[in-house]
Amino acid sequence: MKGPRSRRTGCEGPASKGLAAGCVLVGVVLAVAVVSLVWLPYDPADTSGGRLVPPGGEHLLGTDKLGRDLLTQLMIGARIALVAGGGSVLLGGALGVLAGLAAGFATRWLDDALAAALDALIAFPTLLLAMLVVAVRQASLGSAVLAIGLAMSAVVARLTRILVKRVLAQDYITAARTSGSSWPRIIAGHVLPNIWPTLLVNLALQLGLAVLAEASLSYLGLGPPPPNASWGRLLHEAQATVLTAPVGAIAPGVLLVVLVVGVNLVADGLRDLAPGRSR
């Protein structure tokens, strides 16, 4: 007697294809960033290439208005984008999960106070928060990561709080408490395993937003200072010469789109593959 057939859903194929495409796009940017750690076509501060030289043999993508090799600047920008995005996600995820767990287990009045604080932080513009951070510290990659991570932590905390309360309302939590399980054991054995798939998808989406936020901050001059070549700063520097040297503006914009689209495809694929997803 044959066993029951496993049901296949129509979204598994597209989900896996989208996830694979996203991994390829992110992998390309990641490979460029890793290569930039050990090899660069030119020194980042080398301005001997001539101003706005078109793409050619010596400079594959040409040079910028200061005479620096554009390919070198873009490779460094890939590294900065991934470091800023990954650092912001790690900081915001850690703070957000801890705050969300605290709110989920807090008393009602403390939970309401934390929820109000999270809503206020979410409503606070990220760019304004970055300006405050830069006012205390100097404009740097660390300041950008700190500002983006703090803004991201509120979103992660609110989601964690909702997920934790949903899990705590289940009957198996009551049974675990009745059997004498401690709250740390319940968190490690029941709460975190049930909320991590949704949190993972959210953090993947936040990575794309963090990359865009870092590019925006750098465009406004609040990101890593020169000679760090952030894609946002490259876009700002190229806007004055976009008609005479369009590659300087097109290349960082294309790479930014590739990375963000790749991250979002990965997040969508993880969401579709997450266990317990209602179809």
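Bear in mind that the values here come from a model prediction, so they are computed numbers and not experimental data. These values consider heavy atoms only, across backbone and side chains, with no hydrogens, waters or symmetry-generated copies.
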Grouping I, L, V, M, F, W and Y whenever their side-chain heavy atoms are under 4.5 Å apart, do [X] and [Y] come out in a common cluster?
X      : Y      : value
Val211 : Val261 : yes
Val29  : Val254 : yes
Leu52  : Leu234 : no
Val34  : Ile80  : yes
Val35  : Leu40  : yes

Kindly compute the distance separating [atom1] ([X]) from [atom2] ([Y]), expressed to the nearest 0.5 Å.
X      : Y      : atom1 : atom2 : value
Leu101 : Leu192 : CG    : CG    : 6.0 Å
Leu146 : Leu141 : CG    : CG    : 11.0 Å
Ile173 : Ser181 : CD1   : OG    : 9.0 Å
Leu110 : Leu114 : CG    : CG    : 4.5 Å

List, by chain and number, the other hydrophobic cluster members for Ile122, where Ile, Leu, Val, Met, Phe, Trp and Tyr join if side-chain heavy atoms come within less than 4.5 Å, directly or indirectly.
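Val155, which link up through side-chain heavy atoms under 4.5 Å apart, make up the rest of the cluster.
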Please give the remaining members of the hydrophobic cluster of Tyr42, linking ILVMFWY side chains under 4.5 Å, ordered by chain and number.
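Other cluster members: none.
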Mind listing the closest non-hydrogen atom pair of [X] and [Y] along with its distance?
X      : Y      : value
Ser153 : Leu95  : CB-CB, 3.8 Å
Gly253 : Leu235 : N-CD2, 3.9 Å
Leu217 : Ala144 : CD1-CB, 4.1 Å
Ala78  : Val32  : CB-CG1, 4.1 Å
Ala33  : Leu82  : CB-CD1, 3.7 Å
Leu265 : Ala21  : CD1-CB, 4.2 Å

Heavy-atom check, side chain of [X] versus side chain of [Y], under 4.5 Å:
X      : Y      : value
Leu25  : Leu259 : no
Leu209 : Leu205 : no
Leu121 : Leu150 : no
Trp39  : Pro41  : yes
Thr72  : Asp46  : no
Ile187 : Phe105 : yes
Leu19  : Val266 : yes
Leu168 : Val164 : yes

Under the rule for side chain to side chain contact (heavy atoms under 4.5 Å, CB included), what residues qualify as partners of Leu61, not counting sequence neighbours?
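Side chain to side chain contact (heavy atoms under 4.5 Å, CB included) list for Leu61, sorted by chain: Leu70, Leu71, Leu74, Val247.
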Sequence neighbours excluded, the answer for side chain to side chain contact (heavy atoms under 4.5 Å, CB included) partners of Leu200 is Trp196, Leu270
Would Tyr172 and Asn194 count as a side chain to side chain contact (heavy atoms under 4.5 Å, CB included) if you check the C-alpha gap in whole Å, the side-chain angles of each, and the deciding distance to 0.1 Å?
CA-CA 12 Å; Tyr172 57 82; Asn194 281 283; 3.6 Å; yes
Any pair with a residue in residues 20-43 that passes salt bridge (Lys or Arg N to Asp or Glu O under 4.0 Å), sequence neighbours left out, goes on the list, sorted by first then second residue, please.
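Listed by first then second residue: nothing to list.
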All pairs passing salt bridge (Lys or Arg N to Asp or Glu O under 4.0 Å) where residues 153-162 contributes a residue, at least two apart:
Asp111-Arg161, Asp119-Arg158
Between [X] (side chain only) and [Y] (backbone N and O only), is there a donor and an acceptor less than 3.5 Å apart?
X      : Y      : result
Thr198 : Ile195 : no
Asn228 : Pro224 : no
Thr160 : Val156 : yes
Gln206 : Met152 : no

What pairs meet the side-chain hydrogen bond (donor to acceptor under 3.5 Å, both in side chains) rule with one or both residues in [range], with sequence neighbours excluded?
range            : answer
residues 241-251 : none
residues 210-219 : Glu214-Ser218, Glu214-Ser230, Ser218-Ser230, Tyr219-Gln239
residues 74-102  : Ser36-Arg79

Take atom CZ of Arg177 as the centre, draw a 6.0 Å sphere, and report whether it contains more than 12 heavy atoms from other residues, nucleotides or ligands.
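Above 12, so yes.
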For His190, does the NE2 atom have more than 12 heavy-atom neighbours from other residues, nucleotides or ligands under 6.0 Å away?
yes
For a side chain to side chain contact (heavy atoms under 4.5 Å, CB included) with Val89, tell me which candidate from Val145, Ile148, Leu207 qualifies.
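Answer after filtering Val145, Ile148, Leu207: Leu207.
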Just to verify, what does Arg68 make a side chain to side chain donor-acceptor pair (under 3.5 Å) with, not counting sequence neighbours?
Asp64, Glu237
State which residues pass salt bridge (charged side-chain N to carboxylate O under 4.0 Å, His left out) with Lys65; sequence neighbours excluded, sorted by chain then number.
none
With sequence neighbours excluded, tell me which residues meet ring-ring contact (aromatic ring centres under 6.0 Å, His included) with Phe124.
none
